[in-house]
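A quick write-up on the structure given underneath.
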Amino acid sequence: MAPEVYIENLSEYVGQEVKIHGWVYNKRSSGKIHFVLVRDGTGILQCVMAKGATPDEVFDKYDVLTQETSLIVSGIVNEDKRAPGGYELHVKDIQIIQIAQDYPITPKEHGVDFLMDHRHLWLRSRRPHAILRIRHRLVKAIRDFFDSKGFVLIDAPILTPAACEGTTTLFETDYFDLGKAYLSQSGQLYVEAAAMAFGKVYCFGPTFRAEKSKTRRHLTEFWMVEPEVAFYELEDIMNLAEEFVEYIVGRVLESSRKEFEILERNIEPLEKIKRPFPRITYNEAVEILRKNGIDFQWGNDFGNTDETVISQQFDKPVIVHHYPAAVKAFYMKRDPNDETYALAFDMLAPEGYGEIIGGSQREDDYDTLLKRIREHNLPVEAFDWYLDLRKYGSVPHSGFGLGVERTLAWICGLDHVRETIPFPRMIYRIKP
RNA sequence: UCCGCGGUAGCUCAAUUGGCAGAGCAGCUGGCUGUUAACCAGCGGGUUGCAGGUUCGAGUCCUGCCCGCGGAGCCA
């Protein structure tokens with residue numbers, strides 16, 4: 001009985017008969033010799049059927065094979081330079097499971113809209129397959145980084161009673177007799193509570209923003225990892241962010257060569273992502289913009305093109321810190337030396353990708369935080385528990401959030417975040 | 001929400017000044033013993049996004065609407 005194996009392990013079975021379970025990816029023929037490309041989720045294998053060498057009744061099955069027909073194929077593994085991937089299967093038998101009719105995605109060109117409508121099938125194609133494998137490894141690297149440093153994973157709730165950051169739009173839903181609930185746009189307030197319990201924590205999950213943004217950098221549902229550390233000040237958390245990004249890029253680089261080739265991603269820029277990263281203040285960033293001919297108004301937050309210009313000055317991620325407090329969230333601590341500035345930082349990815357991290361030291365003084373909540377016209381009742389954290393053993397603490405999809409788009413060299421998540425949610429797309 | 005671009009065969013696109021809607025791929029038929037998005041020959045395939053209007057005649061011009069894409073604002 002031939003062993004049932006996966007294509008990624010074929011090199012261990014050269015000369016042996018094996019059984020592959022999979023789907024027809026493509027086929028071509030010269031009449032007396034057929035080539036069927038079979039994929040099984042781990043790779044793509046060329047299966048060869050030659051008149052005379054293959055039993056006639058098996059050879060003739062070629063005619064009914066259509067793209068994405070599911071089958072079990074058995075044969076002898078052969079090493080051959082002419083085969084894509086270097087190995088091929090000399091077919092002895094084919095068992096057809098189901099014949100696929102009119103598979104809509106052909107090996108030719110398609111538009112993004114068509115492919116997104118067929119995202120459930122598009123996942124089978126080389127490119128999305130490569131991206132999502134890299135996503136898997138990126139997520140693993142993120143978890144390994146924090147786990148190896150003694151952080152505790154604390155999952156934040158998805159349904160929340162109020163906005164974490166007052167301004168952005170929230171998805172709203174009815175919540176029994178308690179009024180409205182909102183889909184979380186950040187787990188941050190909850191990890192702050194957890195940091196006071198466990199010291200070093202992180203949350204990792206989906207977050208939701210009902211912004212009507214239609215750009216290559218926005219999804220309405222995206223994944224964010226948010227570490228929070230007690231007794232960390234701004235400098236400490238910037239150091240952590242820097243070490244973190246160096247680590248996850250390195251991990252993905254060493255594990256995903258094959259996928260980067262499929263994506264035609266030049267990995268040289270990624271190999272330069274080593275500490276230390278450049279650090280500039282908001283004011284220095286403004287100078288850069290003005291030197292590049294941008295008429296930037298001091299006190300504004302950076303726009304998309306501003307971020308691109310700043311990040312293009314460096315070949316590593318750049319940390320911008322000490323933003324004007326007025327443009328930052330209510331919970332960020334202000335610089336005691338100059339209250340104009342917040343102890344906040346963003347990390348902008350190189351190659352024009354822009355912001356992938358936003359973080360800060362948090363306001364830890366009760367009266368100051370209460371004042372900020374009122375200044376931002378936020379409902380104080382909703383934040384009573386959050387204020388409690390400043391009543392019972394308040395300490396300096398800091399954290400940041402990293403957007404997984406933006407980070408992955410940068411690492412893969414993609415021009416849109418929609419390809420970095422299996423089923424993207426955008427303002428005009430909820431299906432499939 | 002605002003600005004710009006687009007919607008033609010299953011898919012990707014073409015159609016000159018308003019004048020017979022066309023090609024490649026996919027599908028079907030036939031050919032080919034080493035193909036690499038194979039190739040060669042043939043066949044079938046259309047409510048030109050929707051609703052009006054101008055005109056002898058509209059894919060093409062006008063009005064309204066729908067949908068998508070790119071960008072701005074906001075953000076990770």
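Just so we're on the same page: letters track the sequence lines, and every chain starts at 1.
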With a 3.5 Å cut-off and heavy atoms only, can you find an N or O donor on one side and an acceptor on the other between the side chain of A:Arg429 and the base of B:rC67? no
Please classify the nucleic acid contact of A:Gln46 as base, sugar-phosphate, or nothing, using heavy-atom distances under 4.0 Å. base
Please find out if less than 6.0 Å separates the ring center of A:Tyr190 from that of A:Trp385. yes
Could you tell me how far apart A:Tyr323 (OH) and B:rC75 (P) are, to the nearest whole angstrom? 11 Å
Please determine if A:Arg265 and A:Glu259 form a salt bridge, counting it only when a charged side-chain N lies under 4.0 Å from a carboxylate O. no
In whole angstrom, give the distance that lies between atom OH of A:Tyr87 and atom C1' of B:rG34. 19 Å
Separation of B:rA76 C1' from A:Arg135 CZ (nearest whole Å): 13 Å
Salt bridge A:Arg279-A:Glu235, side-chain N to carboxylate O under 4.0 Å: yes
Looking only at side-chain atoms of A:His218, point me to the closest of B:rC74, B:rG70, B:rA37. B:rC74
Rounding to a whole Å, what distance do you find between A:Glu355:CD and B:rC74:C1'? 11 Å
Can you tell me if A:Arg28 touches the phosphate of B:rU33, counting only side-chain N or O atoms and a distance under 4.0 Å to OP1 or OP2? no
Using modelled atom types only, decide if a donor and an acceptor are shared between the side chain of A:Arg119 and the backbone of A:Leu115 within a distance under 3.5 Å. no
Nearest-nucleotide 5' precedence on RNA chain B, A:Ile427 against A:Asp306: A:Ile427
A:Asp80 near the nucleic acid: base, sugar-phosphate alone, or nothing, with a heavy-atom cut-off under 4.0 Å? base
Rounded at 0.5 Å granularity, tell me how far CE in A:Met238 sits from CG in A:Leu343. 9.0 Å
Could I get a table of every N or O pair under 3.5 Å where one atom is in the protein and the other is in nucleotides 29-32 of chain B?
| residue | atom | partner | partner atom | Å |
| --- | --- | --- | --- | --- |
| B:rC32 | N1 | A:Ser30 | O | 3.4 |
| B:rC32 | N3 | A:Gly31 | N | 3.4 |

From NZ of A:Lys81 across to C1' of B:rG34 the rounded distance in Å is 14 Å
So, under a plain 3.5 Å distance rule, would you say the side chain of A:Glu88 forms a donor-acceptor pair with the base of B:rG34? yes
In Å, rounded to the nearest 0.5 Å, how long is the span from CG of A:Asn283 to NE2 of A:His321? 10.5 Å
Would the A:Phe302 and A:Tyr282 ring centres measure less than 6.0 Å apart? yes
Considering only the C1' atoms, how many Å lie between B:rU17 and B:rA58, rounded to the nearest integer? 14 Å
Which value, in whole Å, describes the distance between the C1' atoms of nucleotides B:rU16 and B:rG59? 14 Å
Does A:His118 reach a base, just sugar-phosphate, or nothing at all? Heavy atoms under 4.0 Å. nothing
Using a cut-off of 4.0 Å on non-hydrogen atoms, how would the nucleic acid contact of A:Arg418 be classed: base, sugar-phosphate, or nothing? sugar-phosphate
Fill in the dot-bracket string of RNA chain B, one character per base: . for unpaired, | for a pair to another strand, ( ) or [ ] for pairs within the strand, taking Watson-Crick or G-U pairs under 3.5 Å. (((((((..((((.....[..)))).(((((.......))))).....(((((..]....))))))))))))....
In whole angstrom, give me the gap between the P atoms of B:rG57 and B:rC69. 38 Å
When the aromatic ring centroids of A:Phe383 and A:Tyr331 are compared, is their separation below 6.0 Å? no
With sugar-phosphate meaning primed atoms plus P, OP1 and OP2, does A:Ile357 contact a base, only sugar-phosphate, or nothing at under 4.0 Å between heavy atoms? sugar-phosphate
Where does the angle between the aromatic ring planes of A:Phe146 and A:Phe400 fall among parallel (under 30°), tilted (30 to 60°) and perpendicular (over 60°)? tilted
Mind checking the P distance from B:rU47 to B:rA21? Whole angstroms is fine. 14 Å
side-chain contact (heavy atoms from CB on, under 4.5 Å) between A:Met332 and A:Arg372, intermediate numbers included: CA-CA 9 Å; A:Met332 293 184 177; A:Arg372 301 270 182 262; over 6 Å; no
Please report the distance, rounded to the nearest Å, between CZ in A:Phe302 and P in B:rA76. 14 Å
Output the single nucleotide from B:rA37, B:rA72, B:rC75 whose closest atom is nearest the side chain of A:Thr215. B:rA72
Given atom CZ of A:Phe296 and atom C1' of B:rG73, what is their separation to the nearest angstrom? 14 Å
Dump the pairs, protein N or O against N or O of nucleotides 11-15 of chain B, anything under 3.5 Å, distances to one decimal.
| residue | atom | partner | partner atom | Å |
| --- | --- | --- | --- | --- |
| B:rC11 | O2' | A:Glu109 | O | 3.0 |
| B:rC11 | O2' | A:His110 | ND1 | 2.6 |
| B:rU12 | OP1 | A:Gly111 | N | 3.0 |

B:rC75 versus B:rG53 - spacing of their C1' atoms, nearest Å: 45 Å
Counting any heavy atom closer than 4.0 Å, what does A:Asp102 reach on the DNA or RNA strands: base, sugar-phosphate only, or nothing? nothing
Answer yes or no: is there an ion pair linking A:Asp295 with A:Arg290, defined by an N-O contact shorter than 4.0 Å? no
RNA chain B: A:Val404 or A:Phe35, which has the more 5' nearest nucleotide? A:Phe35
Are A:Phe151 and A:Phe145 an aromatic pair, judged by ring center distance below 6.0 Å? no
Does a side-chain N-to-carboxylate-O contact under 4.0 Å join A:Glu68 and A:Arg39? yes
Length of the line joining A:Ile44:CD1 and B:rA37:C1', which is rounded to integer Å: 12 Å
Interatomic distance at P, B:rG44 relative to B:rC3, whole Å: 48 Å
If we take the P atom in both B:rA37 and B:rA15, what is their distance in whole Å? 29 Å
Counting just side-chain N and O atoms, does A:Asn304 come under 4.0 Å of either OP1 or OP2 of B:rA72? yes
Just call it for A:Gln101: base, sugar-phosphate, or nothing, with non-hydrogen atoms closer than 4.0 Å on any strand. nothing
Work out how far the C1' atom of B:rG24 is from that of B:rG18, and round it to whole angstrom. 28 Å
I'd like to know if A:Arg126 pairs up with A:Glu261 as an ion pair, taking the criterion as any Lys NZ or Arg NE/NH1/NH2 lying under 4.0 Å from an Asp or Glu carboxylate oxygen. no
Residue A:Lys214, side-chain atoms from C-beta onward, closest of B:rG70, B:rA76, B:rU33: B:rG70
Of the non-hydrogen atoms in A:Pro317 and A:Val245, which two are nearest, and what is the gap between them? CG-CG1, 4.3 Å
